[in-house]
Number of protein chains: 2
Amino acid sequence: MGSIDLKVVFKKYGIKNTLQRQAVYNYLTDASVPITAEQIYLELTRSETDAMNLSTVYRILDLFTKKGLVLKSNLQADGKSTYEMNHMEHRHHLICVKCNSIVPIKGCPLEDYEKRLSESTNYKILEHHLEILGVCPKCRQ
Amino acid sequence: MGSIDLKVVFKKYGIKNTLQRQAVYNYLTDASVPITAEQIYLELTRSETDAMNLSTVYRILDLFTKKGLVLKSNLQADGKSTYEMNHMEHRHHLICVKCNSIVPIKGCPLEDYEKRLSESTNYKILEHHLEILGVCPKCRQ
DNA sequence: AACGCAAATGCAAATCAGTTGCATTTGCGT
DNA sequence: ACGCAAATGCAACTGATTTGCATTTGCGTT
């Protein structure tokens, strides 16, 4: 599990190295899909060693997001925000409406589109959020 | 504004006809972009005649959404949900990050993409949510 | 046209995610 | 090892949305 020297990573981003931040970072690194602050909190708190306060989780996620380490998304239908590591590569997800599983999608269908949109509207396009909902192969039966 | 006989529309959807529901329906019909429950509440409340309780607005919006008359979206970065008439035609919006203005976009860039995605993943694709963020012409200066 | 009752509304209190103030603790440069 | 700014824990707060309950209203019936 993600045991590279985080001190170095954090320093690079101007982030002070604390146990809590290491725990959140490692947990996010291991997660392959976007997760909520509460999920992180509950999971870490169950393992005595990494226990921490929920507001600390929020503060750390905000910090990581501001520093560009983490991506925050408000797309979930239940209104909760989710967070995932910023792998730099822009990424979208496919969500199963039956089992709520989330899988990342390779590639982004919007690159050219944004260029054209920018020209036709004269907006400066910054980013976009996309989620696709469906039923996964397992749940289709 | 939008004074068709709503009784008929509501009946079709199995919705009991009340003054409050008419007011919300009409307001939504006149709105060209997604709006929050609070915006509806404030606007209607300012005109004595249509004044109503905020929780009623929420209840009506939930009802309309369940009946398919209205589309709800959690996309806003500030965490508020927005609602818009379901014109049946699938639509996306362009949001200005400076002034928060929202304009609808013509057409959807994802139609073909979804077909291909469905084939490659074996998911049954149901729908998608997309928002594009940028800076509008006015705010670019 | 009035009646009755289920459904809708108003109001206030509750909930839930997320934020904040402040006292205490910790990391890190010296 | 020392000192201080920054980070954390905790509890209280905020803002959006929901809910329980008493009152009101719409609508099918008489």
Original post:
What residues form a side chain to side chain contact (heavy atoms under 4.5 Å, CB included) with A/Ile105, not counting sequence neighbours?
Top reply: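 A/Ile105 satisfies side chain to side chain contact (heavy atoms under 4.5 Å, CB included) with A/His92, A/Leu94, A/Ile132, B/Tyr113, B/Leu117 only.
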
Looking at side-chain heavy atoms only, is the closest gap between [X] and [Y] below 4.5 Å?
X        : Y        : value
B/Leu130 : A/Leu110 : yes
A/Tyr27  : A/Tyr41  : no
A/Glu38  : A/Val57  : no
A/Thr82  : A/Thr36  : yes
A/Gln20  : A/Leu44  : no
A/Asn86  : A/Leu69  : no

Shortest non-hydrogen contact between A/Asp50 and A/Ala23, atoms and distance: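 Scanning both residues completely, I find the closest heavy atoms to be CG-CB, 3.7 Å.
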
Practice problem: Might you point out which heavy atoms bring A/Tyr123 and A/Ser118 nearest each other, and give the distance in Å? | Solution: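 Of all heavy-atom pairs spanning A/Tyr123 and A/Ser118, the closest is O-OG, 3.0 Å.
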
[X] [atom1] to [N] [atom2]: how many Å, rounded?
X       : N      : atom1 : atom2 : value
B/Met52 : D/dT23 : CE    : C1'   : 18 Å
B/Leu6  : D/dC27 : CG    : P     : 12 Å
A/Tyr41 : D/dG9  : OH    : C1'   : 10 Å
A/Leu42 : C/dC16 : CG    : C1'   : 14 Å
A/Ile60 : C/dG27 : CD1   : P     : 12 Å
B/Arg21 : C/dA7  : CZ    : P     : 11 Å
A/Leu44 : D/dT8  : CG    : P     : 13 Å

Tabulate atom names and distances for all N/O pairs under 3.5 angstrom spanning the protein and nucleotides 15-22 of chain D.
| unit_1 | atom_1 | unit_2 | atom_2 | d |
| --- | --- | --- | --- | --- |
| D/dA16 | OP1 | B/Lys80 | NZ | 3.0 |
| D/dT17 | OP1 | B/Ser81 | N | 2.9 |
| D/dT17 | OP1 | B/Ser81 | OG | 3.3 |
| D/dT17 | OP2 | B/Tyr58 | OH | 2.2 |
| D/dT17 | O5' | B/Tyr58 | OH | 3.1 |
| D/dG20 | O6 | B/Arg59 | NH1 | 3.3 |

Practice prompt. Let me know, please, whether A/Leu63 or B/Gln20 comes out on the 5' side of the other along DNA chain D by nearest nucleotide.
Written response: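 With A/Leu63 and B/Gln20 compared, the 5'-side residue is A/Leu63.
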
> Per the end-axis method with five pairs at each terminus, what is the bend angle of the helix from C/dA1-D/dT30 to C/dT30-D/dA1, to 10°?
Replying inline: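 Roughly 30° between the end axes, to the nearest 10°.
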
Tabulate below the donor-acceptor pairs under 3.5 Å that side-chain atoms of residues 9-19 of chain A make, not counting sequence neighbours, or state none.
| unit_1 | atom_1 | unit_2 | atom_2 | d |
| --- | --- | --- | --- | --- |
| A/Asn17 | OD1 | A/Gln22 | NE2 | 2.8 |
| A/Thr18 | OG1 | A/Arg21 | N | 3.1 |

Note to self: Suppose we screen for side-chain hydrogen bond (donor to acceptor under 3.5 Å, both in side chains). Which residues come up paired with B/Asn53, at least two apart in sequence or across chains?
What the structure shows: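 B/Asn53 satisfies side-chain hydrogen bond (donor to acceptor under 3.5 Å, both in side chains) with B/Ser55 only.
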
Could you go through nucleotides 28-30 of chain C and list every protein N or O atom that sits under 3.5 Å from one of its N or O atoms, giving the distance for each pair?
| unit_1 | atom_1 | unit_2 | atom_2 | d |
| --- | --- | --- | --- | --- |
| C/dC28 | OP1 | A/Asn17 | N | 3.0 |

